[in-house]
Q: 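If you scroll down you'll find the structure; I have some questions about it.
Everything quoted here is computed from the prediction, not taken from an experiment.
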Amino acid sequence: LLAAKRDPSVSIGGFYEEIGGNYRVGRSEYFVAEACEYRDSFLELRPRIGIITNIEPDHLDYFSGGIAQIKDSFSRFGRLLPEDGTMICWGDSKDVLEAVSALKCRVLRYGFSEDANWCAKAISFDADCCASFDVFNNGTFFGRFSLSIPGEFNILNALAVIAAGAQLGIETELMQKVLADFRGVRRGFELRGRVSGVTICEDYAHHPAELKAVLSVARRRTQGRLWLVFQPHTYSRVHYFLDAFADALAQAEALGMDDVDMCLVGWQREGHDGPFPDHFPVDPRFGGEAKMREAIALGKSLGYRMSVHVNWHNYYEKSVRYREEDVAKGTDGKPRAYAKFRGILPAGRVYDCCWEVMCNRYVDADIATLLDYGLDGTLHMDVTSAEEPMPCHDPRHPNNRADMIRWQKAIGEKARAAFGGSSSESAFDQFASALDNILYVAWEPRNHPLRENKHPLCDGMLPIFPIAYNGIIMSQPYWATVDA
C-alpha cells in the first residue's frame, strides 16, 4: 500500500523500519491493523478484508475452553466482515477452515494444496533459506515471486499478502518488487550481525510451534554449530505449554544444538519479586520443590544445562531470614533503604544487604540446596554486578567500599566454583573478574533514554547484541532493552 501510494494508516506488533516504528497515520481510507485474539480484542475491529494465518491453542489463561473457544472467537471475528468483504485464510489448516465455514462474506484460501485459491508451486530456496516460487490464482499462473526473509512459513505469509493486494487492485509487478525488497520487522529472524565467523539472529518466537519453525530455518542456514538462547515469554504460556516447549527444545537438540543454558526465573517464594533473601520453599504456583526437581531433571535429560536466578542483594523486611542486625547501615546506624526504588518494591519494604553477611550467612546454604536439586548451569545473580559498592557502618560487620567489593567477588567465585560459571547484570569493573556473563552495560542512560545527560558508556537505546566488555559477553546496552 505504501509503494502503491495508497497512504495507509498502520498499527502492527513489530518495529518496521519503513515507517520508523509500529504505527503510521495516513490520510486515506486504508487502515492496516495486526489484530490479536487475546481477550477477544480483535472483535472491536470492523474490517472489510481479513486474514487468518493460523489458529492454534494459545493465551489459555483467557481461552480456558481451549481450541474450541478460540475457533469460536475467530468465527465471530469473521462475521464482523460485511457480505461484500473478503476473508483470506490459510487453507491447509482444518481449524482455520472450520472457523470460516459459515461466513457469508467471500472466503479465499491460500496454501500449498492444489485446490487453494492462491497456491505456491515450483518452490526453491537459496543459501539463506529465502524462497522463490510460482503463484497460481485459481489454477492460473499469476507470477513468480522471490523473498528476502527466510522460511517456508513466509511463503504462506506472502501468499496472504498477494491475495489481499490483488483484492485491492495492486499491480503484480509492484507486489513482486516490494516482496523481494522486504526485509521483515525487527526480531523476525532479524540478522543482528556477523562477528568472527559467527552469525547472530534474533526472533520473537514465543510459542512452541513458532520456535520449531525458527529452529528449522536456523538449522538450514548453517553448516556449523547452532547455539540457542531462549527466553520464555509470560509465565502463563510456559505453564500451559511446558510439555510442548520441552518437545520443541528437544527438536533443537536433535538438530545439532550445543550448550544451552535454561534459566528458571520466578521460582522462589512469591515469585520473581519475592521476599529475598528467602529462596525456599519453592513457590507452590510453580509446583513446589517436586515440580522444580522434575523440570531440572527433564532439561538435563534433553542435554541442557539447568540454572536459576537468585537474589542475594535485597533484604526484605518481611523475609523469614530478616534480622535488623544483618542489614547494611548508614552513617546514622539505621538500616539503609534500597536506594534504586526508595526502599519499596512489590514484595514490600527493602534494604541494602551487607555483602559480608550474605556471603557468610546465606550463600553457602543456598548453593548447597540448589546443587542438591541438580542444577549445573551458570548461576545468575540478580543485580549483584549492577550494585555500586556501598559501605556498611554496622559495628558488628563494618565494611568500607573496598571490603564490599571483596565480598561481592567472593560470592561470584563461590557461584563459579559450584556451577562452573557466574552471571549477573551490569558491568562494574571491580566485579568483572568474578563473572562470566552479564546482561547489559548500564542500568539506563541516567534513568531515561531521552534525557540529554546520557550514560557515558552508551550512545543510544539500541538492543545491540552481543557486546564484549572486560572479556565478558553481554547481551544489551541497557536493562530496559533486555526484554524489549
Q: Sequence neighbours left out, what passes side-chain contact (heavy atoms from CB on, under 4.5 Å) with Ile367? Give chain and number order.
A: Trp312, Val363, Leu371, Lys414, Ala418, Phe419

Q: Of all heavy-atom pairs between Gly66 and Leu60, which one has the smallest distance, and what is that distance?
A: CA-CD2, 4.2 Å

Q: Please answer whether the main-chain N or O of Cys36 pairs with a side-chain N or O of His59 as donor and acceptor at a distance below 3.5 Å.
A: no

Q: Return the minimal non-hydrogen interatomic distance between Asp128 and Pro150, and the atom names on each side.
A: O-CB, 3.4 Å

Q: Measure the CG-OG1 distance between Asn157 and Thr53 for me, rounded to the nearest 0.5 Å.
A: 6.5 Å

Q: With rounding to the nearest 0.5 angstrom, report the SG to CD1 distance, Cys359 to Ile411.
A: 5.0 Å

Q: Can you find a heavy atom in the side chain of Met292 that is under 4.5 Å from one in the side chain of Leu264?
A: yes

Q: When you compare the side chains of Ser9 and Arg24, does any donor N or O come within less than 3.5 Å of an acceptor on the partner?
A: no

Q: Taking all non-hydrogen atoms of both residues, which atom of Val327 and which atom of His397 are closest, and how far apart?
A: O-CE1, 3.7 Å

Q: Going by the side chain to side chain donor-acceptor pair (under 3.5 Å) test, which pairs reach into residues 276-287, not counting sequence neighbours?
A: Arg269-Asp278, His279-Asp366, Asp283-Arg285

Q: How close do Cys129 and Phe125 get, heavy atom to heavy atom, and via which atoms?
A: O-CD2, 3.4 Å

Q: Does Lys409 NZ have over 12 foreign heavy atoms under 6.0 Å away?
A: no

Q: Does the Gln408 side chain pair with the main chain of Ser385, one donor and one acceptor, at a distance under 3.5 Å?
A: no

Q: Check the surroundings of atom OH in Tyr38: do more than 12 heavy atoms from other residues, nucleotides or ligands lie under 6.0 Å from it?
A: yes

Q: Under a 4.0 Å threshold between the charged nitrogen and the carboxylate oxygen, would Arg187 count as salt-bridged to Glu190?
A: no

Q: Answer yes or no: are there more than 12 heavy-atom neighbours, outside Lys291 itself, under 6.0 Å from its atom NZ?
A: no

Q: Can you classify the ring geometry of Phe276 versus Tyr316 as parallel (below 30°), tilted (30 to 60°) or perpendicular (above 60°)?
A: tilted

Q: Checking side-chain polar atoms at under 3.5 Å, does Arg183 have a donor or acceptor matched by the opposite partner on Ser148?
A: yes

Q: Is a side-chain donor or acceptor of Ser93 paired with a backbone partner of Trp90 at a separation under 3.5 angstrom?
A: no

Q: Say you draw a straight line from OG of Ser132 to CG of Asp126; how long is it, rounded to the nearest 0.5 Å?
A: 7.0 Å

Q: Side chains of Tyr204 and Val185: closer than 4.5 Å at any heavy-atom pair?
A: no

Q: Return yes if some donor-acceptor pair links the side-chain N/O of Arg39 with the main-chain N/O of Tyr62 below 3.5 Å, else return no.
A: no

Q: I'd like to know if Asp372 and Arg293 make a salt bridge, using a cut-off of under 4.0 Å between side-chain N and carboxylate O.
A: yes

Q: Name the residue from Tyr338, Trp407, Tyr351 that meets the ring pair (Phe, Tyr, Trp, His ring centres under 6.0 Å) definition with His313.
A: Tyr338

Q: Does Asn399 reach the main-chain N or O of Pro391 with its side chain, forming a donor-acceptor pair under 3.5 Å?
A: no

Q: With rounding to the nearest 0.5 angstrom, report the CG to NE2 distance, Asp332 to His393.
A: 9.0 Å

Q: Under the 3.5 angstrom rule, does the side chain of Ser424 hit a backbone N or O of Asp382 as a donor-acceptor pair?
A: no

Q: Do Cys130 and Ile149 come close enough that some side-chain heavy atom pair is under 4.5 Å?
A: no

Q: Compile the donor-acceptor pairs under 3.5 Å between side chains in residues 11-19 and protein atoms, sequence neighbours left out, one pair per line.
A:
{"residue": "Glu17", "atom": "OE2", "partner": "Arg186", "partner atom": "NE", "Å": "3.0"}
{"residue": "Glu17", "atom": "OE2", "partner": "Arg186", "partner atom": "NH2", "Å": "3.1"}

Q: If you look at every heavy atom in Pro389 and Met404, which pair is closest and at what distance?
A: CB-CB, 4.2 Å

Q: Hey, what do you get for CD (Glu56) to CD1 (Ile70), rounding to the nearest 0.5 Å?
A: 9.5 Å

Q: Under the 3.5 angstrom rule, does the side chain of Tyr362 hit a backbone N or O of Arg321 as a donor-acceptor pair?
A: yes

Q: Looking only at atom types and distance, does a side-chain atom of Thr378 sit under 3.5 Å from a main-chain N or O of Ser423, one as donor and one as acceptor?
A: no

Q: Any donor and acceptor pair, going by atom type alone, linking the side chain of Glu210 with main-chain N or O of His206 inside 3.5 Å?
A: yes

Q: Are any non-hydrogen side-chain atoms of Ile52 and Phe74 less than 4.5 angstrom apart?
A: yes

Q: I need the minimum non-hydrogen distance between Ala35 and Phe42, along with the two atoms involved.
A: CB-CB, 3.7 Å

Q: Hey, does the side chain of Asn400 reach the backbone of Asp403 with a donor-acceptor pair shorter than 3.5 angstrom?
A: yes

Q: Tell me whether Arg336 is salt-bridged to Asp352, with the criterion being a basic N under 4.0 Å from an acidic carboxylate O.
A: yes

Q: What class does the angle between the rings of Phe145 and Phe133 fall in, given that below 30° is parallel, 30 to 60° is tilted and above 60° is perpendicular?
A: parallel

